[in-house]
Amino acid sequence: MRPNLAVLLTAAFYLGGCSSLSSPSQKRIDSANNFFGMGLGFFDDGSYPESLQAFEQASALIPNNPDFEMHRALALYYVDRHEQSLDLLRKTCLLREEFPDCHNNLAVLLLKSGKSAEALKHAEKALSAATYSTPNFAKTNKGLALHALGRDREAIETFTTIQDDSSSPLHCRNELYLSRSYLSLANFSQASRHARIGRDVCLNEETALLWQAYVQYRTGQIVEAKDLYLEALRTFHNPELRDEARVSLNQLNREEVLAEPKLFL
């Protein structure tokens with residue numbers, strides 16, 4: 001799952017124990033804001049080294065600003081400095097008494113790093129904040145952590161509490177996550193149902209077709225699964241996913257056991 005970068009630029013910076021005499025000048029604040037805005041733009045474009053440089057310049061001008069530090073940590077992760085990123089984000093979440101976006105973003109990166117128990121803790125911390133305006137993101141991360149920990153009944157309960165627009169990318173993903181948790185519990189009818197719904201709403205996500213094919217295979221509908229893999233070979237634009245479909249189809253033809261495909265985070 002993509003980190004949540006919905007943070008507004010603000011001049012009301014967190015200054016720790018500094019007195020008003022050491023407050024930054026307006027010129028310094030404006031310059032830091034400019035670097036921060038540049039960093040957000042680079043991050044959204046996938047230019048992570050450039051975004052890191054911009055966030056570092058903002059942080060140098062205004063040290064210990066939680067928003068700057070959070071985004072610097074996210075950029076560090078995406079330039080493969082994972083442990084440094086996680087350490088910085090853990091510290092940053094403590095800079096402000098209530099900072100749900102930080103805890104939720106930390107949950108995302110912990111899930112990507114395979115640290116599911118710690119991810120669950122921070123997703124729940126985000127959800128406990130009364131000021132959190134986008135709790136559905138944290139609910140999704142909580143459900144993912146519960147699934148990774150083998151607590152799929154709780155994961156399903158969490159996913160089903162999410163209220164979102166049926167056309168949103170989050171809805172698409174949550175349908176597939178529900179399907180996966182039901183499949184883990186061998187509830188094949190619900191796994192198939194949510195795989196079909198996910199495929200219908202995941203209009204631009206080729207992963208959804210691969211998942212539906214895998215569910216068909218697990219429920220013994222081999223011919224249907226092969227048809228879906230053939231559809232993937234005809235229609236997929238992503239070469240890696242097309243190769244994955246080809247490998248799975250060949251394995252089915254040889255009556256080999258298929259590995260579960262990875263779903264997006």
Side-chain angles (χ1 to χ4, degrees), residues 1-8 14 16 43 64-78 81-166 168-185 187 190-191 194 198 260 262-265:
M1 181 174 293
R2 183 66 177 267
N4 178 18
L5 296 185
V7 177
L8 297 177
Y14 175 90
F43 195 98
N64 297 322
N65 175 273
D67 292 334
F68 293 174
E69 295 296 89
M70 178 180 74
H71 288 82
R72 184 162 71 91
L74 294 174
L76 281 167
Y77 192 91
Y78 282 90
R81 293 160 65 179
H82 294 175
E83 288 305 317
Q84 187 179 354
S85 167
L86 291 173
D87 287 345
L88 176 58
L89 204 49
R90 289 183 183 105
K91 294 174 183 175
T92 302
C93 290
L94 300 175
L95 288 176
R96 187 184 296 160
E97 184 175 352
E98 190 174 80
F99 197 3
D101 285 313
C102 186
H103 288 288
N104 184 53
N105 282 322
L106 180 53
V108 172
L109 300 191
L110 288 165
L111 284 168
K112 288 178 178 289
S113 303
K115 303 177 188 292
S116 304
E118 190 181 355
L120 176 60
K121 169 187 169 184
H122 285 280
E124 289 178 332
K125 183 75 172 176
L127 288 170
S128 69
T131 59
Y132 196 27
S133 61
T134 54
N136 285 346
F137 290 104
K139 288 181 181 180
T140 294
N141 291 326
K142 179 180 178 180
L144 289 170
L146 288 166
H147 167 76
L149 293 168
R151 296 162 60 180
D152 282 289
R153 295 186 189 282
E154 295 171 79
I156 290 168
E157 290 176 4
T158 300
F159 289 132
T160 54
T161 65
I162 297 173
Q163 302 293 325
D164 57 14
D165 187 331
S166 61
S168 74
L170 191 62
H171 179 66
C172 150
R173 291 166 181 247
N174 283 327
E175 288 294 339
L176 298 185
Y177 294 148
L178 273 168
S179 175
R180 182 173 60 181
S181 283
Y182 277 118
L183 193 62
S184 295
L185 295 173
N187 187 333
Q190 286 292 344
H194 286 284
E260 180 176 300
K262 292 183 179 180
L263 288 182
F264 26 53
L265 277 178

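As the structure is a prediction and not an experimental result, all values here were calculated from the model.
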Any side-chain heavy-atom pair of [X] and [Y] under 4.5 Å:
X	Y	answer
Phe264	Arg173	yes
Lys112	Leu109	yes
Leu86	Ser113	yes
Leu89	His103	no
Pro135	Tyr132	yes
Arg72	Leu88	yes
Leu176	His194	no

Quiz item: How many angstroms lie between CD in Glu154 and NE2 in His147, if you round to the nearest 0.5 Å?
Solution: 13.5 Å
Self-check item: Gap between atom CG of Leu146 and atom CG of Asp152 - 0.5 Å precision
Solution: 8.5 Å
Quiz prompt | Phe99 six-ring face occupied by Arg96 cation (under 6.0 Å, within 45°) | solution = yes
Practice problem: Please identify each residue that fulfils side-chain hydrogen bond (donor to acceptor under 3.5 Å, both in side chains) with Arg153, with sequence neighbours left out. | Solution: none
Self-check item: All pairs passing disulfide (SG to SG under 2.5 Å) where residues 96-147 contributes a residue, at least two apart
Solution: Cys93-Cys102
Quiz item: What pairs with Glu97 under side chain to side chain contact (heavy atoms under 4.5 Å, CB included), at least two apart in sequence or on another chain?
Solution: none
Quiz item: Are Phe43 and His71 an aromatic pair by the rule of ring centers under 6.0 Å?
Solution: no
